[in-house]
Amino acid sequence: MRSKKLLLLVPLALLACNRISNQEAIRVVEEYNRIVTEAYRAGDARSLEGAVGPKELKKLGGLIGVKLDLGFTLDAQLLDLKVLNVERRGKEVLVNTDESWHYADRRVGTGEQIGQDSEDHYRMHYILRKPAGRWVVDEIEFASPPKIGRKETPLTGPVEALHGSFKSAQPVEGSPGAAARGGTP
């Protein structure tokens, strides 16, 4: 009789290990934003290893690397983060937020601001997964088109074509890369 109870408890314990409370999910998102902000400011994607999931690490590493190649880093400051809700979808958790940020690009070495600074507003989906035994942000998506304050970036293109990963966004007419996709050069 006792062994039957243990056999029933083991799957329940394993299921509980895979669960995350709403408060823990929110803490994962807050920690993600803190770590990513520091990595952008330092221009060092190595600090993200183990702190974000593989999909997000690949994307962030590329973004940080491009900025460094151009001689600048991103000084980001989270101004406001409101969690709208937390949803469970199979083995992943979705944290939906409404947030505001301040950004300034800074020259490596001097810290001099390059170009315009920006106050941006986003509605985000943070997708949390547990790829290596701990919950991390593995992917983020814009829930709606971002509202970007600045009109130009140091990357010499329209901000709409260069900002983030809004999945449904198409190349902006006249932007770099639009011609390669059939748009106007």
Side-chain angles (χ1 to χ4, degrees), residues 11-68 73-103 118-150 153 155 159-172 177 181:
L12 289 175
L14 290 173
L15 182 62
C17 289
N18 267 341
R19 296 197 50 92
I20 183 171
S21 72
N22 287 3
Q23 292 77 22
E24 290 170 312
I26 292 166
R27 277 193 295 275
V28 168
V29 169
E30 290 170 340
E31 181 68 4
Y32 165 88
N33 282 320
R34 185 188 67 73
I35 290 169
V36 169
T37 299
E38 289 174 8
Y40 269 122
R41 196 170 288 132
D44 187 1
R46 293 174 297 179
S47 64
L48 300 169
E49 293 174 13
V52 301
K55 285 185 178 182
E56 194 63 8
L57 180 61
K58 183 177 179 180
K59 181 182 81 176
L60 290 169
L63 292 170
I64 291 169
V66 165
K67 287 186 176 287
L68 279 178
T73 61
L74 181 66
D75 186 2
Q77 180 184 5
L78 180 61
L79 302 174
D80 188 39
L81 175 73
K82 291 180 185 128
V83 175
L84 303 175
N85 65 357
V86 178
E87 303 173 31
R88 280 147 184 82
R89 298 191 309 191
K91 293 182 178 185
E92 57 187 35
V93 175
L94 184 70
V95 179
N96 298 297
T97 66
D98 184 88
E99 52 197 70
S100 297
W101 289 83
H102 177 265
Y103 296 105
S118 191
E119 298 252 340
D120 299 356
H121 179 258
Y122 312 129
R123 287 209 170 213
M124 301 299 299
H125 297 305
Y126 291 85
I127 302 165
L128 281 57
R129 296 185 182 105
K130 202 172 179 182
R134 96 181 248 248
W135 287 98
V136 294
V137 173
D138 190 37
E139 194 173 354
I140 61 170
E141 300 173 349
F142 288 103
S144 60
K147 294 179 181 152
I148 311 300
R150 66 180 163 190
T153 68
L155 296 174
V159 73
E160 296 89 356
L162 300 167
H163 196 278
S165 61
F166 185 58
K167 286 193 171 187
S168 66
Q170 295 298 314
V172 175
R181 294 180 184 89

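Start at 1 with the first residue, then count along the sequence.
- For the pair Asn33/Tyr126, a side-chain contact is recorded, criterion being any heavy-atom separation below 4.5 Å from C-beta on.
- Glu139 is not listed as a side-chain neighbour of His125, based on a closest heavy-atom distance of 4.5 Å or more.
- Applying the side-chain hydrogen bond (donor to acceptor under 3.5 Å, both in side chains) rule to Arg123 yields the partners Asp98; only residues at least two apart in sequence or on another chain are considered.
- Of the listed residues (Val29, Val83, Asn85), just one forms a side chain to side chain contact (heavy atoms under 4.5 Å, CB included) with Asn96, and that residue is Asn85.
- The two residues Ala51 and Val136 have their closest heavy-atom pair at O-CG1, 3.8 Å.
- Exactly one residue among Leu78, Leu79, Asp80 makes a side chain to side chain contact (heavy atoms under 4.5 Å, CB included) with Glu99. That residue is Leu78.
- For the pair Asp120 (side chain) and Gly149 (backbone), a donor-acceptor distance under 3.5 Å is present.
- With salt bridges taken as basic N to acidic carboxylate O contacts below 4.0 Å, none links Lys147 and Glu119.
- Residue pairs that meet the salt bridge (charged side-chain N to carboxylate O under 4.0 Å, His left out) test with at least one member in residues 21-30, sequence neighbours left out, do not exist here.
- For Asp75, the salt bridge (Lys or Arg N to Asp or Glu O under 4.0 Å) criterion is met by Arg41, Arg106, not counting sequence neighbours.
- When the options Leu84, Leu81, Ile140, Ile26 are evaluated for a side chain to side chain contact (heavy atoms under 4.5 Å, CB included) with Thr97, the one that passes is Leu81.
- Shortest non-hydrogen contact noted between His121 and Ser100 is CD2-OG, 3.6 Å.
- When all heavy atoms of Gly43 and Ile64 are compared, the closest pair comes out as C-CG2, 3.7 Å.
- Salt bridge annotation for Glu92-Arg89: present, with a cationic side-chain nitrogen under 4.0 angstrom from a carboxylate oxygen.
- By the 30° and 60° cut-offs, the orientation of the rings of Tyr122 relative to Tyr103 is tilted.
- Counting only heavy atoms from C-beta outward, the side chains of Leu63 and Lys67 never approach each other to under 4.5 Å.
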